[in-house]
Amino acid sequence: LDLTLAQPSTASEIERRALQTTFEALLAALDPGARAATDFRLEFRDMPGLGPNAVALPGGTVVVTDALLRQF
């Protein structure tokens with residue numbers, strides 16, 4: 001994604017932190033074994049033209065567009 005569609009996020013730390021807190025609460029609700037078996041990460045990217053969206057990648061990475069973040 002970073003080589004083709006995505007650009008570095010332009011969202012503020014405050015915007016990112018709000019969603020990161022929610023993401024961490026969701027992870028805390030998972031079974032500890034499932035949580036330990038996967039490296040869950042939340043990444044933020046600016047993807048012009050894609051609009052509000054998120055992509056879950058294999059391995060536990062979730063990429064959230066700035067457009068979606070700003071609707072949170």
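Numbering starts at 1 and runs along the sequence shown. Atom set for the values below is all heavy atoms of this structure, side chains included, hydrogens, waters and symmetry mates excluded.
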inquiry  = Looking at every non-hydrogen atom in both residues, tell me the closest pair between Thr38 and Gly60 and how far apart they are.
reply    = CG2-CA, 3.7 Å
message = I'd like to know if Leu30 and Val62 are part of one continuous hydrophobic network [Ile/Leu/Val/Met/Phe/Trp/Tyr, side-chain heavy atoms within less than 4.5 Å].
response = yes
task = First locate atom OG1 of Thr21, then atom CG of Leu42, and finally report the distance between them rounded to the nearest 0.5 Å.
result = 10.5 Å
query = Which atom pair, heavy atoms only, marks the closest approach of Pro48 to Leu5?
reply = CD-O, 4.4 Å
task = Look up atom CD in Gln20 and atom CD in Glu43, then write down how far apart they are to the nearest 0.5 Å.
result = 9.0 Å
task = Measure across Pro52 and Ala67 and return the closest heavy-atom pair with its distance rounded to 0.1 Å.
result = N-CB, 3.6 Å
Any side-chain heavy-atom pair of Thr10 and Arg70 under 4.5 Å = yes
request  = Might you point out which heavy atoms bring Arg35 and Ala28 nearest each other, and give the distance in Å?
outcome  = NH1-O, 3.1 Å
request  = Mind running side chain to side chain contact (heavy atoms under 4.5 Å, CB included) on Met47 and Leu1 for me, showing each step along the way?
outcome  = CA-CA 9 Å; Met47 295 187 198; Leu1 288 173; 4.1 Å; yes
request  = Evaluate the side-chain proximity of Leu19 to Phe44: yes if any heavy-atom separation is below 4.5 Å, no if none is.
outcome  = yes
task = Answer with yes or no whether the side chains of Thr65 and Asn53 bring together a donor and an acceptor at under 3.5 Å.
result = no
key: Distance (rounded to the nearest 0.5 Å) between Glu13 CD and Glu15 CD   = 10.0 Å
ask   = Taking Arg16 for the side chain and Ala11 for the main chain, is one N or O donor matched with an acceptor at less than 3.5 Å?
value = yes
ask   = Where do Leu26 and Phe40 land on the side chain to side chain contact (heavy atoms under 4.5 Å, CB included) test, with the steps shown first?
value = CA-CA 11 Å; Leu26 290 170; Phe40 291 103; over 6 Å; no
message = With clusters defined by side-chain heavy atoms of hydrophobic residues (ILVMFWY) lying less than 4.5 Å apart, directly or transitively, does Phe23 cluster with Leu69?
response = yes
task = Answer with yes or no whether the hydrophobic clustering places Val55 together with Val64; edges join I, L, V, M, F, W, Y residues whose side-chain heavy atoms lie under 4.5 Å apart.
result = no
